[in-house]
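A quick write-up on the structure given underneath.
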Amino acid sequence: PAIRLEDYQPPVYRIEKVHLTVKLDPAETEVVATLSVARQADVQAGTPLVLDGDELSLRELKLNGEVLPDDGYTVSPDKLEIHAPPSKPFDLKITTQINPEANTKLMGLYRSSGTYCTQCEAEGFRRITYFLDRPDVLAIYTTRVEAPKNDCPVLLANGNLMEKGDIDGTDRHYALWHDPHPKPAYLFALVAGNLAQVPDRFTTASDKKVDLNIYVEHGNEGLCSWAMDSLKRSMKWDEDVFGREYDLDVFNIVAVSDFNMGAMENKGLNIFNDKYVLADPETATDQDYANIEAVIAHEYFHNWTGNRITCRDWFQLCLKEGLTVFRDQEFTSDMRSRPVKRITDVRLLKTHQFPEDAGPLAHPVRPRVYHEINNFYTATVYEKGAEVVRMLKTVLGDEGFHKGLDLYFDRHDGEATTIEAFLTCFEDTTGTDLSQFALWYEQAGTPVVSVASAYDADRQTYSLSLSQEIPPVPGQRSSKPAVIPLRFGLLGPDGKDMHATSASGIKISGDVLLMEKSRHEITFSGISSQPVMSLLRAFSAPVRIDQKFATADLQFLAARDNDPFNRWQAVQSLAMQELVRLTGTLRHGKLGAPADGVVSVFGAVLNDQNLDPALKALALTLPSEADIAQEIGKNVDPDAILAARKQLRQAIARQFHGALRAAALEFAPRGDYSPDAETAGKRALSNRAAYYYAVSNTEDAAQFTWDRFSSADNMTDRLAGLMLLVHDHMPGETAALDLYLSRHEKSSLAMDKWFMVQATAPGDGTLATIKSLFSHPLYDATNPNRVRALLQSFATGNATQFARPDGAGFELVAESVLEIDKRNPQVASRLLTSFRSWRALDANRCALAESALMKISSCEDLSRDSRDIIDRTLQ
Ligand code: ARG
Ligand code: ZN
């Protein structure tokens, strides 16, 4: 059934307090929930109370201490209805029994390598007990956890620990936790197991001492220091930048190895996929370190944006996610390099969100309808949601933005609220009408901004025509013009921005043009020489720019733009133009040669002594195959794209092999490994240079690559080397895989990389490799990280093999989806989204994808998750 935003009704009953006793047992856990329930004032007495459930079995039901007669209620695994509740507040005591060991969906209470843990967002609490499982029902929770002392020395739940002790006459013990902050059920959490505790401490700005703990499997204690350090920096930063302090005596983090997503912000008890906690130089890359820092921060920041202030309903998901992603991006920008972070985030947005927005799964940042909410934890809600918050800041200015946000924290603390309420805070503090801005939450699709310009030397004017349009999106026939802030500079011949004496045709504030209409005709006066327009600096809006550039102008921007983002963008645009052209030549016969002008730009970047190494590494990274496919847009042939990209890479490598080899050596950091941004940036440049050098056709390229791999003393360099050897099928490919395996077989996070490298190797042999890896002793189809390492990375990171012209790649993924769906619908439906751009492929591949999709669709007992994705993908 479709759930619609317009059908929202407030709950008819409140649940003010929850007392839970959870008696843990692998197969027969008993949950006793005592709910203090009260009818809402405007609701008629006797209105039935309908509680959500999911695969539950009821053992006992009492109302105000009395067993409820059979005709007083109806119950099924997914629903408990009390026909005529008392009109005064009452207590409902519900006893259910659940089976954590058999919970392969990893939603609700489950067991992962002997540890009991929970995942309740979005609708997992109803798999623990019957409840009003919706985010606008806020209750105060007290949780008593009971388990055998031997198996589960550690017993955790939300809030502060009140009591702990033995249960007399048994081998069991208990812990009693109390969370004083009212919260929705999706933030409930419980953990029990035999875990090691890594303690630390943080003192808040108002001198409150907070105990910090990270709980991990024994033996992993040494892998937590980076996560702990990130946590303390996050806590401090949120005080300094947003004025937000922590609000409990303890903050616990638990790392588990079976987890459907990245991590979860449960109040006072964050639960993490261990890949976002555990790190040492031997098993984690620089990217892993950066991800850990960002995810730890993200979950911590949710304490205010998500937990203290939560969502009224799941349509408002972006209220907490978009805002929290924005906050974690800002954190990373402050901790590391702002331009590098911006480029990294925009690449992510363009690779994941733009295709989503351009395909059958497109939806607004705030959707209006869903069938399965778990399918809306998307790049659009998260990443585009963060872009919208960033634009709000650009439009209102720093001061206006922070004033509005302070009001939001003040006004809505303790509430479950909406996007409208959020925006109203900014309207109230700044007096800005945000009704048109709000369209960013309502309209799906990526706006295209078309740009034309002319310079009049006689009049000394520069004129600019801007127009905007959103291409058609499923279920969205027309669209209205959005508010688009375009940061810009008119670049003079000296590389400095020119300043107009006056400008007309658009609102300008500082260096931002504010598009509000579908067309703007803009004239800048007093422009003494022909400028080059640098538009969308720092990627100030999530739009595509359609602007015809002369190659010379792009080369000028690539060399001289004083905005680092647009400098990077200009290099990318040059490469992209050339890659699209080369792909085209291949489709019409034989591969052309890359233009010298483009190749030489890469040489200029490589030899620029003033560029920060991290930025240089990014500028030297060619647009991905997926990016090129997107740019081409229709009739896509992944083989042609791969060949064109390889052609350009080789041309760069052959022309600059000397400088590349030198850079690979020069920028390799010496001494003890450090994950800091500056050192990581040097490593990135060193490895980027080695990436080119590997295909330089020089005598020692193969040996050089092998030596870098085999002598690497950290995972970043080792993995970079392994990728080259395996993806370029260089001598030593198999030996390298074996060497890596024997070195890392005990570390499952390191082994995920081993599976990933093989799954993403181009070449006809990969499919057979994947099939044989299914029966590798270390492959585990029940572990989401392992499944994603082998299958998700194949489907999203190996375009030529996934979209093989014989259809075998699609078939492999389709069969896997069907098999995984029986066990874990969320992992299956996520894998299924890798088909989202199928209609952009050439006719043959398109037909093959369709038949694989039809095969999935014809399966009658698909989960709701996968059914929803398949229906939308095929519509
Ligand atoms: N709220 C979590 C986070 O952003 C993610 C939860 C994902 N839940 C889901 N059902 N997919 O940190
Ligand atoms: Zn989040």
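Just so you know, ligand 1 is whichever comes first in the structure, and atom 1 is the first atom listed for that ligand.
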Record the part of Glu121 in heavy-atom contact with ligand 1 below 4.0 Å; permitted values are side chain, backbone, both and neither.
both
With a cut-off of under 6.0 Å to the ring centre and 45° to the axis, is Arg308 in cation-pi contact with Trp304?
yes
Please determine which of Val388, Leu396, Thr394 meets the side chain to side chain contact (heavy atoms under 4.5 Å, CB included) test together with Leu392.
Leu396
Which residue and non-hydrogen atom of the protein lie closest to [atom], and at what distance in Å?
atom	value
atom 4 (O) of ligand 1	Tyr382 OH, 2.7 Å
atom 8 (N) of ligand 1	Met261 SD, 3.4 Å
atom 10 (N) of ligand 1	Asn374 OD1, 2.5 Å
atom 12 (O) of ligand 1	Glu299 OE2, 2.6 Å

Below 3.5 angstrom, do we get any N/O pair linking Glu265 and ligand 1?
yes
Would you call Asp133-Arg127 a salt bridge at under 4.0 Å N-O?
no
Measuring from the heavy atoms of Met107, does anything fall under 4.0 Å of ligand 1?
no
By number and element, which atoms of ligand 1 are closer than 4.0 Å to a non-hydrogen atom of Lys320?
1 (N)
So does Val381 get a backbone contact from the side chain of Tyr377, meaning a donor-acceptor N/O pair under 3.5 Å?
no
Classify the ring geometry of Phe131 against Tyr141: parallel below 30°, tilted from 30° to 60°, perpendicular beyond 60°.
tilted
Give the atom name of whichever N/O/S atom in Glu321 sits closest to the Zn ion (ligand 2).
OE1
With no hydrogens and no angle check, do the side chains of Asp258 and Tyr110 hold a donor and an acceptor under 3.5 Å apart?
no
